[in-house]
Amino acid sequence: MADSSDSVSIDMEALSLGQEHLVKTNHGPVCVAVYGDPDKPALITYPDVALNYMFCFQGLFSCPEASSLLLHNFCIYHINPLGHELGAPSICLDAPSLSVDDLADQIVEVLNYFGLGTVMCMGVTAGAYILTLFAMKYRQRVLGLILVSPLCKAPSWAEWLYNKVMSNLLYYYGMCGVVKELLLKRYFSKEVRGNAQVQESDVVQECRRLLCERQSTNVWRFLEAINGRVDLSEGLRKLQCRSLIFIGEHSPYHSEAVHMTTKLDRRYSALVEVQGCGSLVTEEQPQAMMIPMEYFMMGYGIYRPTQSVSPRSPLSPTRISPELLSPESMGLKLKPIKTRVPIS
């Protein structure tokens with residue numbers, strides 16, 4: 001990996017136009033992959049535990065509609081958690097532990113390195129928590145939040161114990177089969193994970209392969225930080241940016257996302273429920289995100305649609321309340337949007 005003054009081209013299918021930068025921060029080097037024209041508005045992303053940008057956001061950014069909506073309107077800055085990039089070395093166990101506040105502060109250093117001012121943010125689960133905390137600490141740096149299956153409360157005893165079991169397995173046994181199964185349940189619905197009769201989907205197989213490449217100590221450090229998070233609920237109403245929240249119907253964090261929307265200012269937030277989906281909406285059903293994001297972006301004057309509906313999206317205007325499809329209203333109302341509505 002090059003140092004912070006160099007860039008390395010990524011040579012991968014569908015991901016061959018970006019450059020990776022290793023940005024030195026006070027809490028260690030952070031790998032950031034940059035795609036697009038740096039003169040355009042900035043969109044930063046942050047993935048969930050044990051994932052990097054190549055998997056967590058590849059499904060979304062591979063959609064033709066996402067290419068026109070996001071890549072044509074933003075310069076994308078994919079921020080990887082410490083040691084989660086491809087080929088990352090194992091972080092020494094004696095290295096100082098990082099808190100969620102440390103991870104949020106790292107984002108400011110990344111923005112300053114690239115000379116970025118105000119940015120749009122997109123995070124998944126643990127990454128959504130880090131970006132929300134970042135937005136609360138540095139309000140003037142955040143234009144808007146797009147959060148997928150977000151966390152905002154401190155871990156419940158059940159989640160804390162679940163994560164602690166996974167953390168101990170990572171520490172003593174590495175990325176073993178049990179840990180991989182626990183992570184896959186965190187990300188995906190039962191439908192795509194398969195069973196004895198139905199083979200698991202390609203996206204799950206690819207995720208399983210990617211998890212085998214993760215350095216277990218690096219994942220352990222990120223998981224420990226997230227398991228020590230604090231409750232952000234009381235500060236959410238003070239956020240000065242719009243928020244668009246996606247939650248999978250079968251996500252283990254469904255109730256947490258709903259709770260978060262009740263704490264946000266209802267004038268500036270919207271909730272989208274994606275039915276038949278787990279937490280990782282960006283990979284399992286990325287096409288379901290397109291229309292809500294289009295109208296969310298229209299509220300900022302960033303996006304100008306050439307047609308009224310994204311052709312491959314399962315959503316349609318007749319399935320969403322008309323007031324939510326209004327550019328003036330999208331992002332200003334708290335109202336669940338279902339992506340599958342029974343036809344009577």
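Note that this is a predicted model, so its numbers are computed, not measured. Hydrogens, waters and symmetry mates play no part in the numbers below; they use all other heavy atoms, side chains included. One is the number of the first residue; the rest follow in order along the sequence.
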Side-chain ion pair, K190 and E200, N-O less than 4.0 Å: no

Rounding to 0.5 Å, atoms CD1 (I91) and CZ (R221) come to a distance of 4.5 Å

Give me the one residue out of H78, E85, R214 that meets side chain to side chain contact (heavy atoms under 4.5 Å, CB included) with N52. R214

Got a donor-acceptor contact below 3.5 angstrom from the E283 side chain to the G59 backbone? yes

Pairwise distance OH(Y253) to CE(M260) - rounded to 0.5 angstrom: 14.5 Å

Between L210 and A50, what is the shortest heavy-atom contact and its length? CD2-O, 4.0 Å

Indicate the atoms forming the closest heavy-atom contact of F61 with A66, along with that distance. CA-CB, 4.1 Å

From the list M297, E65, M290, M120, side chain to side chain contact (heavy atoms under 4.5 Å, CB included) with L70 holds only for M297

One should read off an interatomic distance between D265 CG and S243 OG, to the nearest 0.5 angstrom, of 9.5 Å

Not counting sequence neighbours, list each pair that qualifies as a salt bridge (charged side-chain N to carboxylate O under 4.0 Å, His left out) and has a residue in residues 144-161. E159-R229

With heavy-atom distances below 4.5 Å as the criterion, would you say the side chains of I79 and I130 are in contact? no

Taking C-beta and beyond as the side chain, do L151 and L232 meet within less than 4.5 Å on heavy atoms? no

Could I get the full list of salt bridge (charged side-chain N to carboxylate O under 4.0 Å, His left out) partners for E109, not counting sequence neighbours? none

With a 6.0 Å cut-off on ring centres, are Y46 and H84 close enough? no

Could you go step by step and tell me if E284 and R193 meet the salt bridge (Lys or Arg N to Asp or Glu O under 4.0 Å) rule? CA-CA 11 Å; E284 192 171 340; R193 294 203 312 270; over 6 Å; no

Under 3.5 Å, side-chain donor or acceptor atoms of residues 92-100 against the rest of the protein: list the pairs with distances, not counting sequence neighbours.
unit_1, atom_1, unit_2, atom_2, d
S99, OG, D101, N, 3.3
S99, OG, D102, N, 3.2
S99, OG, D102, OD2, 3.3

Beyond-backbone contact of L239 with L145, side-chain heavy atoms, under 4.5 angstrom: yes

Could you go step by step and tell me if T125 and S279 meet the side chain to side chain contact (heavy atoms under 4.5 Å, CB included) rule? CA-CA 7 Å; T125 311; S279 296; 4.2 Å; yes

All heavy atoms of L111 vs all of G117, minimum pair found to be CD1-O, 4.2 Å

When you compare the side chains of T217 and Q215, does any donor N or O come within less than 3.5 Å of an acceptor on the partner? no

Minimum heavy-atom separation for P150 to A257, with atom names? CD-CB, 3.9 Å

Given side chains that start at C-beta, do those of L184 and V204 come closer than 4.5 Å, heavy atoms only? yes

Using a 3.5 Å distance criterion without hydrogens, assess whether the side chain of Y53 forms a donor-acceptor pair with backbone atoms of V32. no

Would you give the length of the straight line joining atom CD of Q287 to atom CG of L60, rounded to the nearest 0.5 angstrom? 10.0 Å

Assess the side chains of S269 and T261: does a donor N or O sit below 3.5 Å from an acceptor N or O? no

So with a 6.0 Å cut-off around NZ of K40, is the heavy-atom count from everything else above 12? yes

Taking atom NZ as the centre, does K180 end up with more than 12 heavy-atom neighbours from other residues, nucleotides or ligands that are less than 6.0 angstrom away? yes

Is the side chain of S167 donor-acceptor paired with the backbone N or O of N163 at a distance under 3.5 Å, no angle test? no

What about the rings of F114 and H21, do their centers lie closer together than 6.0 Å? yes

Side-chain touch L170/M175, heavy atoms, less than 4.5 angstrom: yes

Write down the atom of G278, the atom of V281, and the distance for their closest heavy-atom approach. O-CG2, 3.8 Å

Just jot down the salt bridge (charged side-chain N to carboxylate O under 4.0 Å, His left out) partners of D231, sequence neighbours excluded, or say none. none

Side chains of Q58 and E206: any donor to acceptor distance under 3.5 Å? no

Could you note down all residue pairs passing salt bridge (charged side-chain N to carboxylate O under 4.0 Å, His left out) where residues 160-174 supplies at least one of them, sequence neighbours left out? K164-E224

Counterpart residues, salt bridge (charged side-chain N to carboxylate O under 4.0 Å, His left out), relative to R186 (two or more places apart): D48

Kindly determine whether N26 and Q106 satisfy side chain to side chain contact (heavy atoms under 4.5 Å, CB included), including the steps that lead there. CA-CA 7 Å; N26 291 329; Q106 275 188 328; over 6 Å; no

Mind listing the closest non-hydrogen atom pair of S189 and C277 along with its distance? CB-C, 3.9 Å

Any side-chain heavy atom of N227 sitting closer than 4.5 Å to one from Y162? no

With side chain to side chain contact (heavy atoms under 4.5 Å, CB included) as the test, would you mind laying out the steps for Q140 and T118 before giving the verdict? CA-CA 7 Å; Q140 301 304 317; T118 306; over 6 Å; no

With the side chain counted from C-beta on, respond yes when I245 and V272 share a heavy-atom pair under 4.5 Å apart, and no when they do not. no

Any side-chain heavy atom of V30 sitting closer than 4.5 Å to one from N80? no

Which value, rounded to the nearest 0.5 Å, describes the distance between L244 atom CG and F296 atom CZ? 5.5 Å

Taking E256 for the side chain and C152 for the main chain, is one N or O donor matched with an acceptor at less than 3.5 Å? yes

Kindly assign one of parallel, tilted or perpendicular to the pair Y138 and F134, based on the angle between their ring planes and the thresholds 30° and 60°. tilted

Walk me through it: do V179 and L211 pass the test side chain to side chain contact (heavy atoms under 4.5 Å, CB included)? CA-CA 9 Å; V179 172; L211 291 175; over 6 Å; no

Should the pair E213-R209 be classified as a salt bridge under the 4.0 Å nitrogen-to-oxygen rule? yes

Can you tell me how far OH of Y35 sits from CD1 of I76, rounded to the nearest 0.5 angstrom? 10.5 Å

Check for a donor-acceptor pair, side chain of R141 on one end and backbone N or O of V119 on the other, with a separation under 3.5 Å. no

Donor-acceptor contact present, side-chain Q285 to main-chain G276, <3.5 Å: yes

